[in-house]
Asker: 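So that we are looking at the same thing, I have put the structure below in structure tokens.
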Amino acid sequence: DVILAVIALHIVANLLYLVWKRENLVTPMITGRKEARAYEDQEQATIAGIGRAVLALIAAVFLVFGGIMTLGGKVF
């Protein structure tokens with residue numbers, strides 16, 4: 001029942017978005033491509049650099065393995 005409710009909410013949200021913002025989200029969900037337009041709340045995306053990527057990877061590794069070890073699991 002919960003899954004059906006979430007599906008219904010998803011469909012209603014897409015319909016409201018189509019009516020209110022006049023933007024079809026169904027086609028981009030199926031094709032994976034969205035028409036390039038100026039977005040209201042986002043600037044042009046830029047690559048942050050390799051340093052940030054390495055730091056994010058290190059943080060993710062520590063979080064995952066730290067969480068496993070904290071919960072009493074074995075890493076190796």
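We use all heavy atoms of the structure for the numbers below, so side chains are in, but hydrogens, waters and symmetry mates are not.
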Asker: Sequence neighbours left out, what pairs pass side chain to side chain donor-acceptor pair (under 3.5 Å) with at least one residue falling in residues 3-12?
Answerer: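 Qualifying pairs: His10-Asn14.
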
Asker: Could you list the donor-acceptor pairs under 3.5 angstrom formed between side-chain atoms of residues 53-66 and any protein atom two or more places apart in sequence or on another chain?
Answerer:
none

Asker: Hey, what else clusters with Leu16 if you join Ile, Leu, Val, Met, Phe, Trp, Tyr whenever side-chain heavy atoms sit under 4.5 Å?
Answerer: Val12

Asker: Would Leu15 end up clustered with Val26 when hydrophobic side chains under 4.5 Å apart are linked, directly or stepwise?
Answerer: no

Asker: Check side chain to side chain contact (heavy atoms under 4.5 Å, CB included) between Thr70 and all other residues, then give those that pass, not counting sequence neighbours.
Answerer: none

